Amino acid sequence: MKIRITESPFDPLAEVRDYQDEMRQQGKYGASAIFIGSMRDENEGEAILSMELEHYPGMTEQHLEKIAQEAGRRWPLLGTLIVHRTGTVNIADPIVLVAVWSAHRAAAFESCRYIMEDLKSSAPFWKKETTEGGQRWVEKNTPGYTD
Amino acid sequence: MKIRITESPFDPLAEVRDYQDEMRQQGKYGASAIFIGSMRDENEGEAILSMELEHYPGMTEQHLEKIAQEAGRRWPLLGTLIVHRTGTVNIADPIVLVAVWSAHRAAAFESCRYIMEDLKSSAPFWKKETTEGGQRWVEKNTPGYTD
Amino acid sequence: MYLNEKYMKVKVKYFAGLRERFGRDEEVLELAEGTDVGGLWQRLITGHTLPDGIMSTVNMEYVQDDVILHEGDEVAFFPPVTGG
Amino acid sequence: MYLNEKYMKVKVKYFAGLRERFGRDEEVLELAEGTDVGGLWQRLITGHTLPDGIMSTVNMEYVQDDVILHEGDEVAFFPPVTGG
């Protein structure tokens with residue numbers, strides 16, 4: 001399991017490759033599910049120029065670790081990788097990466113989704129968007145499961 | 001939308017990167033969900049040495065395109081990529097890649113899962129495993145949605 | 001059979017275990033007009049209806065066994081798919 | 001207040017909009033022993049109970065407002081999280 005908070009831009013596909021290369025579980029996992037969240041150029045109909053991502057250092061890492069451990073109790077996972085950006089974020093920058101490895105696809109899909117939903121609803125991050133009209137705090141995340 | 005059937009080994013993360021570089025939708029999508037299925041070294045308790053992946057050329061491409069189009073009708077997708085391996089497959093080789101891009105995570109997660117489940121249950125591929133005891137056809141895929 | 005019964009040609013393809021069982025991957029068969037997918041299967045294995053475990057397509061679309069065949073159709077029979 | 005009432009020190013942190021509203025990101029407060037999270041909030045904004053929209057943690061774990069504080073605890077208050 002790896003949790004990484006970074007103030008610098010990161011390359012999610014390279015992170016997945018590096019983590020997988022170190023896993024040494026080749027032939028054991030048959031399924032990996034990967035989610036990448038990145039910055040859009042608009043929100044609620046308004047153009048966004050950039051964003052500040054604040055977090056609660058210490059709690060963030062601890063909380064993400066707890067989420068990943070809970071996912072590992074619920075599903076038989078062979079690998080879990082979470083990377084989250086902080087600081088000044090520009091359009092199209094990756095913000096979050098969640099990747100999981102398991103023997104079968106149901107566990108991979110469901111645990112990846114589970115981690116993302118928990119991260120969205122409870123990991124201590126806050127976004128402040130810069131629009132042409134100034135800055136504003138994002139009030140809440142969009143709801144997750146729709147089905 | 002891109003559908004690719006390949007008899008040679010492929011690199012799923014490189015495929016995702018190449019497709020995304022050509023999408024030119026940076027800043028429009030905020031979510032991508034990626035699934036990679038790869039070959040495990042055992043199935044139903046028996047060690048697998050290699051595998052032959054047969055398919056129905058012509059129908060395979062047509063059917064995957066139909067699945068991808070149906071996903072695009074059900075969810076607002078900005079990009080869809082499906083790659084599937086055929087021929088002789090070795091342990092840890094990637095077999096299938098499904099990647100989707102959308103504005104929000106619910107659409108990305110759900111459409112990626114939808115495509116994989118449909119592919120598993122109806123795309124015309126057949127696996128023949130080589131074990132120490134000889135060759136055997138895989139009889140059926142494991143069920144998909146468990147929740 | 002009546003002398004004036006009309007015939008049509010269809011291509012039939014077999015995959016995976018069925019291909020091995022029939023010992024061929026495809027063939028062209030001449031069938032009486034009006035033959036359906038189930039009728040073609042009975043021609044292949046005399047007296048047996050198409051089992052639930054065998055999937056069938058006509059021109060690369062999944063079909064039920066009561067679909068009527070036409071000249072030039074491409075039919076395929078195969079076991080449950082196991083891709084992905 | 002009784003002369004023999006005991007006091008404890010807790011660190012309080014504020015994030016995002018709350019940090020801006022309070023004009024500080026953290027401070028150390030001296031509270032009467034037995035004070036709970038809701039009591040600490042009332043000390044910050046006199047006479048107001050902790051609103052539903054404010055999340056609170058003690059030592060980096062989410063808590064309800066009736067959790068009793070102890071010497072050296074780190075408390076945090078913040079608006080709904082918006083990461084990911």
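Residue numbering restarts at 1 for every chain, and letters A, B, ... go by the order of the sequence lines. Keep in mind the model is a prediction, meaning the values are calculated, not measured.
- Interface remark: of the candidates B/Ala33, B/Ala108, B/Ala107, B/Ala103, B/Ala103 forms the most heavy-atom pairs closer than 4.5 Å to chain A.
- Separating the CD atom in B/Gln26 from the CG atom in B/Leu78 is a distance of 11.0 Å, to the nearest 0.5 Å.
- One distance of note links CD of B/Glu129 with CE of B/Met51; it measures 7.0 Å at 0.5 Å rounding.
- Note: A/Gln62 CD to A/Tyr56 OH = 9.0 Å, rounded to the nearest 0.5 Å.
- Using a 4.5 Å heavy-atom cut-off against chain B, the contacting residues of residues 116-128 of chain A are A/Met116, A/Glu117, A/Lys120.
- Heavy-atom neighbours of A/Arg73 CZ from other residues, nucleotides or ligands within 6.0 Å: above the threshold of 12.
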ask   = Should A/Ser111 and A/Leu77 be marked as a side-chain contact (heavy atoms from CB on, under 4.5 Å) after you check the CA-CA gap, both sets of side-chain angles, and the distance that decides it?
value = CA-CA 8 Å; A/Ser111 62; A/Leu77 301 183; 3.4 Å; yes
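- When each of B/Lys28, B/Gln25, B/Arg105 is scored by its heavy-atom pairs under 4.5 Å with chain A, the top score falls to B/Arg105.
- Residues from residues 83-101 of chain A that place a non-hydrogen atom less than 4.5 Å from a non-hydrogen atom of chain B comprise A/Ile91, A/Ala92, given in numerical order.
- Below 4.5 Å, heavy atoms of chain A meet heavy atoms from B/Asp11, B/Leu13, B/Ala14, B/Val16, B/Arg17, all part of residues 1-23 of chain B.
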query = Going through the checks in order, is the side-chain contact (heavy atoms from CB on, under 4.5 Å) test met by A/Glu52 and A/Trp137?
reply = CA-CA 9 Å; A/Glu52 291 298 319; A/Trp137 289 101; over 6 Å; no
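- No more than 12 heavy-atom neighbours from other residues, nucleotides or ligands sit within 6.0 angstrom of CD on B/Glu139.
- Nearest heavy-atom pair across A/Ile82 and A/Ala68 is CD1-CB, 4.2 Å.
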side-chain contact (heavy atoms from CB on, under 4.5 Å) between A/Phe109 and B/Phe109, worked out = CA-CA 8 Å; A/Phe109 272 120; B/Phe109 272 120; 5.6 Å; no
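- Ion pairing of B/Arg74 with B/Glu70 is present here, as a side-chain N (NZ or NE/NH1/NH2) and a carboxylate O approach within less than 4.0 Å.
- Taking a cutoff of 4.0 Å between a charged side-chain nitrogen and a carboxylate oxygen, A/Glu110 and A/Arg113 do not qualify as a salt bridge.
- Of residues 35-47 of chain B, those residues with a non-hydrogen atom less than 4.5 Å from any non-hydrogen atom of chain A are, in numerical order, B/Phe35, B/Ile36, B/Gly37, B/Ser38, B/Met39, B/Arg40, B/Asp41.
- By the 4.5 Å heavy-atom criterion applied to side chains, A/Thr80 and A/Ile115 are counted as neighbours.
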